[in-house]
Amino acid sequence: MNATQINQLEHVADVVTVLVTTSMPYGLLQPSPCAGWTGRDVVNHMVGGADLFTGAAGEPVPFPDWSSMPDWLGTDPASANRDAANRAIAAFSAPGLLDGNVTMPWAEMPAAFALNMLVADHITHAWDLSRTTDLPLDIDEAAIEVALATCQASVSPEFRQAGFYGTEQTAPHDVTTLERLAAFTGRTL
């Protein structure tokens, strides 16, 4: 098991839990940088995404229709998010899993890379939540660097055309790695 990757997912889950808990309930009702989504929609997507990756680490699950997401949050978004992260952590912590492959709805890939994709997705959406709620974001720089490299290696033109990512935005040279990640994934700084 790669403890660093698992630790990064735990760290990001902790950060998101604080953002969600601190912003409840009003902050999650605000529009997010994701067009048409509130902060609550972003957290809901994160829960569905974590479960998608968790399923791939065990039994493959179909790709959800993000346009009509079910409510995975219920009345306690912070707990729902934390529980989904814990399920992913447990699944990817299984002995030997990160040494093999998983089948995602779009491709088979090394499990370690899939875990990096999940962490990258959660870091990117943590940035969205921070912008939505006007709350500070403190994520480990090493995790952000891995997230950016993972996105640069995996975000294909097809993913952008399908609407999973926006058009890459130009980022000024003096921005943080987190802001470069946000711009690369289509966010306006």
Side-chain angles (χ1 to χ4, degrees), residues 1-17 19-20 28 32 34 36-129 139 143 146-156 158-165 181 185-186:
M1 171 177 72
N2 185 330
T4 300
Q5 288 178 281
I6 298 297
N7 291 342
Q8 287 175 345
L9 182 55
E10 289 173 336
H11 167 64
V12 174
D14 290 344
V15 169
V16 171
T17 298
L19 284 172
V20 173
L28 292 184
S32 79
C34 299
W37 283 5
T38 65
R40 181 181 171 86
D41 295 328
V42 170
V43 178
N44 195 49
H45 165 80
M46 292 172 76
V47 169
D51 284 344
L52 174 75
F53 279 84
T54 299
E59 293 294 323
V61 294
F63 197 77
D65 177 5
W66 298 122
S67 66
S68 60
M69 287 186 285
D71 181 5
W72 290 302
L73 300 182
T75 60
D76 190 352
S79 291
N81 178 73
R82 187 70 229 194
D83 291 347
N86 287 342
R87 288 189 296 273
I89 290 164
F92 280 95
S93 295
L97 182 87
L98 291 177
D99 297 325
N101 288 340
V102 295
T103 301
M104 297 303 297
W106 57 89
E108 183 174 323
M109 64 184 60
F113 189 77
L115 178 55
N116 280 347
M117 288 180 73
L118 177 59
V119 172
D121 183 68
H122 277 51
I123 290 173
T124 303
H125 288 307
W127 182 88
D128 294 331
L129 288 173
I139 295 179
V146 169
L148 178 58
T150 299
C151 286
Q152 290 170 332
S154 64
V155 175
S156 66
E158 294 79 20
F159 275 13
R160 290 190 194 276
Q161 290 170 350
F164 300 131
Y165 295 90
L181 173 64
T185 57

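FYI, side chains are in, hydrogens and waters are out, and symmetry mates aren't considered; it's all heavy atoms of this structure. Just so you know, these numbers come straight off a predicted model, no measurement behind them.
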Completion exercise
In this structure, CG of D128 is separated from NE2 of H122 (nearest 0.5 Å) by 12.0 Å

Tell me which donor-acceptor pairs under 3.5 Å the side chains of residues 108-116 have, and how far apart each pair is, sequence neighbours excluded?
unit_1, atom_1, unit_2, atom_2, d
E108, OE2, N101, ND2, 2.9
N116, OD1, Q5, NE2, 2.8

Exercise for the section: Output the distance between atom CG (L118) and atom CZ (F92), rounded to the nearest 0.5 Å. Expected result: 6.5 Å

Practice task
Rounded to the nearest 0.5 Å, what's the gap from OG1 on T54 to CD1 on I89? Could you check?
Solution key: 9.0 Å

Handout entry: Side-chain touch M117/D121, heavy atoms, less than 4.5 angstrom
Key = no

Handout entry: Check against side-chain contact (heavy atoms from CB on, under 4.5 Å), W72 and H45
Key = CA-CA 8 Å; W72 290 302; H45 165 80; 6.0 Å; no

Problem - Donor-acceptor under 3.5 Å (S32 side chain, G39 main chain) - result: no

Completion exercise
Value for OG (S154) from OH (Y165), rounded to nearest 0.5 Å, stands at 5.5 Å

Practice task
For the residue pair L129 and M46, establish whether any side-chain heavy-atom pair is separated by less than 4.5 Å.
Solution key: yes

Exercise for the section: Indicate whether the side chain of T38 and that of D41 have a donor and an acceptor atom separated by less than 3.5 Å. Expected result: yes

Practice task
Start with the C-alpha distance between H125 and V43, add both sets of side-chain angles, then the distance that settles side-chain contact (heavy atoms from CB on, under 4.5 Å), and finish with yes or no.
Solution key: CA-CA 8 Å; H125 288 307; V43 178; over 6 Å; no

Completion exercise
Hits for side-chain contact (heavy atoms from CB on, under 4.5 Å) against T124, two or more places apart or cross-chain, chain-then-number order -> L181, T185, R187

Problem - Non-hydrogen atoms of I6 and S93 that approach each other most closely - result: CD1-OG, 3.7 Å

Practice task
Enter the distance from W106:CH2 to E158:CD here, rounded to the nearest 0.5 Å.
Solution key: 13.5 Å

Completion exercise
Minimal heavy-atom distance between P77 and R40, with the atoms involved, is CG-NH1, 3.4 Å

Practice task
Locate the shortest heavy-atom distance separating A84 from V47; write the atom from each residue and the value.
Solution key: CB-CG1, 3.8 Å

Problem - Inter-residue atom distance L73.CG - L28.CG, 0.5 Å rounding - result: 8.0 Å

Fill in the blank from the handout: A143 and I123 have their tightest heavy-atom pair at O-CD1, 3.5 Å

Completion exercise
For A57 and V102 the tightest heavy-atom approach is CA-CG1, 4.0 Å

List the atom pairs, donor and acceptor, that lie under 3.5 Å between side-chain atoms in residues 8-16 and the rest of the protein, sequence neighbours left out.
unit_1, atom_1, unit_2, atom_2, d
H11, NE2, D140, N, 2.9
D14, OD1, R82, NH1, 2.3

